Number of protein chains: 2
Amino acid sequence: MKCHHHGNHNGEFELCVSKVPIFNHLNQEEMKEIASLIQSKTFKKGEVIFSANSSINELFIIHTGRVKIYRLSESGREQILRVLEAKEFMGELTLFNESLTQNYAEATEKTEICVIQKLDLQKLIEKKPSIALRILEEFSRRLTNADQLIQQLGSADVETRLASVIIDLSNKQISRTVTLPMSKRDLASLIGTTQETISRKLSTFQEHGWIKQTGQRVITILNMEQLISFTEGKK
Amino acid sequence: MKCHHHGNHNGEFELCVSKVPIFNHLNQEEMKEIASLIQSKTFKKGEVIFSANSSINELFIIHTGRVKIYRLSESGREQILRVLEAKEFMGELTLFNESLTQNYAEATEKTEICVIQKLDLQKLIEKKPSIALRILEEFSRRLTNADQLIQQLGSADVETRLASVIIDLSNKQISRTVTLPMSKRDLASLIGTTQETISRKLSTFQEHGWIKQTGQRVITILNMEQLISFTEGKK
DNA sequence: CGCGCTATTGAATTGTTTCAATTTAGGTGG
DNA sequence: CCACCTAAATTGAAACAATTCAATAGCGCG
């Protein structure tokens with residue numbers, strides 16, 4: 001695990017602190033104090049940020065880039081749990097739960113991360129309980145997303161799950177032309193299938209004229225209604 | 001939705017408050033105050049406590065009994081997300097996330113619930129931020145459980161998932177003779193399969209002499225090593 | 001511009017579901 | 001406490017969706 005420690009030119013850290021939802025409601029003074037506690041690290045695509053069976057003593061806040069959080073089953077199969085982007089944080093589970101993590105975190109592209117020590121964060125929360133409320137909001141959101149994924153993995157077929165992620169991405173990117181935030185292999189891992197199956201299903205969607213694929217990561221939705229109808233029960 | 005409102009003989013509510021992890025660290029005075037804000041409701045087996053597409057304005061704390069939290073897909077398939085027991089709470093998602101819930105909650109046996117209004121709880125948290133920390137701990141635990149379920153649903157076959165829940169129950173109940181906390185139909189819904197498949201797999205386990213089934217809900221583990229080996233990659 | 005990683009396609013196999021028919025368990029009321 | 005009756009669970013056989021392995025194609029990074 002290679003990582004590059006930057007010097008202490010605080011402007012950068014303040015930027016990081018002032019943007020993230022868990023801190024951005026605080027005043028200038030308070031944010032400056034937090035910025036002084038923060039370290040910056042950079043990870044290259046493919047670098048592992050933390051691994052299963054380790055105890056994590058810091059909170060990682062993503063400044064730029066993307067990180068996939070996943071688990072490995074004993075048979076070696078990777079299951080992505082979520083993909084984190086700028087302003088989101090990770091390492092939180094061992095903050096309130098002393099045990100070892102079972103998750104892996106890996107940068108899927110060049111990623112800059114702000115790091116704050118667990119103990120420093122705990123002191124901050126004691127001083128400013130509003131931070132805990134922000135974390136609660138984020139946990140709520142994650143739990144809702146996890147519940148959604150559980151439902152899909154447990155009771156929808158691959159076609160439906162695939163249509164569902166495409167629609168979600170289209171809503172998030174506010175466009176009918178969607179850029180996948182990850183490789184198709186990772187997309188397969190997220191929705192609990194294989195890259196081959198994803199490939200086949202997307203080809204089927206395209207043959208029917210519901211989507212158009214451009215390059216490896218761009219999908220244009222041509223028939224939104226059809227995709228939505230998948231998520232609303234099978235014909 | 002029938003429910004029986006009890007009178008205000010506070011002893012009962014104090015019992016409820018003094019036992020649940022989110023409040024039991026407070027002092028006698030504080031717990032008494034909280035008890036005064038609580039209402040009690042009783043649900044019969046099969047009664048729905050809340051439904052999807054409703055906004056929930058209270059936190060429900062289970063006093064006795066069991067509640068399944070689930071979603072319905074548009075095709076009508078039920079996916080259980082988790083089963084809550086005494087001392088656990090529900091309704092929390094709309095507390096920190098103003099949107100409508102997509103979950104259903106249904107009592108799977110006679111269940112007594114303590115109800116506290118969202119607004120009252122928010123005031124309590126402001127006064128005693130330590131409550132928020134307790135909720136964070138519980139959210140952490142739930143997120144970890146959800147992640148576990150996602151991994152299993154996404155990358156393990158039914159045999160493995162089934163072996164896994166049996167082992168988990170055995171650990172939780174600290175016994176090799178496990179009593180299922182739900183019907184096999186619900187167990188199927190939890191691990192994303194059908195009651196028929198569960199039935200077949202358990203029969204296979206029994207034929208091999210790895211378990212013994214007694215009645216509808218009791219399973220005795222005869223060969224723990226074999227079950228564990230399922231969760232550690234396929235033979 | 002070329003190499004390597006990513007994606008595609010084919011064909012055989014497998015695990016799981018579905019639907020329908022029985023059997024069994026266990027709570028309820030007499 | 002026993003017999004009943006309903007809900008729960010089991011079993012069979014056919015149909016299907018998805019995976020696996022292997023071989024090929026193609027995008028895009030350096």
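Since we're looking at a predicted model, the values are computed, not measured. Lettering follows sequence order; numbering is per chain, from 1.
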| Which pairs, with at least one residue in residues 145-178 of chain B and sequence neighbours excluded, count as a ring-ring contact (aromatic ring centres under 6.0 Å, His included)? | none
| task | Output yes when a side-chain donor or acceptor of B:R161 lies under 3.5 Å from a complementary backbone atom of B:I191, and no otherwise. | result | yes
| field | Sequence neighbours excluded, every pair satisfying ring-ring contact (aromatic ring centres under 6.0 Å, His included) that has a member inside residues 152-207 of chain A | value | A:F205-A:W210, A:F205-A:F230
| note | Quick note, salt bridge (Lys or Arg N to Asp or Glu O under 4.0 Å) partners involving residues 208-229 of chain B, not counting sequence neighbours, are none
| said: Counting primed atoms plus P, OP1 and OP2 as sugar-phosphate and everything else as base, spell out the protein contacts along nucleotides 15-24 of chain C at 4.0 Å heavy-atom distance: B, S or - for each nucleotide, 5' to 3'. | reply: -SBBBB----
| Should the pair B:E159-B:K201 be classified as a salt bridge under the 4.0 Å nitrogen-to-oxygen rule? | yes
Scan the side chains in residues 51-59 of chain B for donor-acceptor partners under 3.5 Å anywhere in the protein, sequence neighbours excluded, and list what turns up.
| from | atom 1 | to | atom 2 | distance (Å) |
| --- | --- | --- | --- | --- |
| B:S54 | OG | B:S51 | O | 2.7 |
| B:E58 | OE1 | B:Q117 | NE2 | 3.4 |

| said: Reading DNA chain D in the 5' to 3' direction, which nucleotide is the first one with an atom under 4.0 Å from a heavy atom of chain A, and which is the last? | reply: D:dA18 to D:dG28
| query | Quick one: do A:E92 and A:R142 make a salt bridge, cutoff under 4.0 Å? | reply | yes
Under 3.5 Å between N/O atoms: give me all the protein pairs with nucleotides 27-29 of chain C, atom names plus distance.
none

| query | In residues 178-191 of chain A, which ones come under 4.0 Å of DNA chain C, going by heavy atoms? | reply | A:S183, A:K184, A:R185
| query | A:Q213 has an atom CD; how far is it from atom P of C:dT9, in whole Å? | reply | 9 Å
| query | Quick one: ring-ring contact (aromatic ring centres under 6.0 Å, His included) pairs with a partner in residues 66-90 of chain B, sequence neighbours left out? | reply | B:Y70-B:Y104
| task | Give every residue pair that meets the side-chain hydrogen bond (donor to acceptor under 3.5 Å, both in side chains) criterion with at least one member in residues 77-86 of chain B, sequence neighbours excluded. | result | A:D147-B:R82, B:R66-B:E85, B:K68-B:E78, B:E78-B:S189
| If you fit an axis to the five pairs at each end of the helix from C:dC1-D:dG30 to C:dG30-D:dC1, how big is the angle between those two axes, to 10 degrees? | 60°
| remark: Hits for side chain to side chain contact (heavy atoms under 4.5 Å, CB included) against B:R141, two or more places apart or cross-chain, chain-then-number order -> B:E137, B:E138
| note | Nearest heavy-atom contact between B:Q213 and B:Q206 is N-OE1, 2.9 Å
| request: Quick one: label A:Q206 by what it contacts on the DNA or RNA (base, sugar-phosphate, nothing), any heavy atom closer than 4.0 Å. | output: nothing
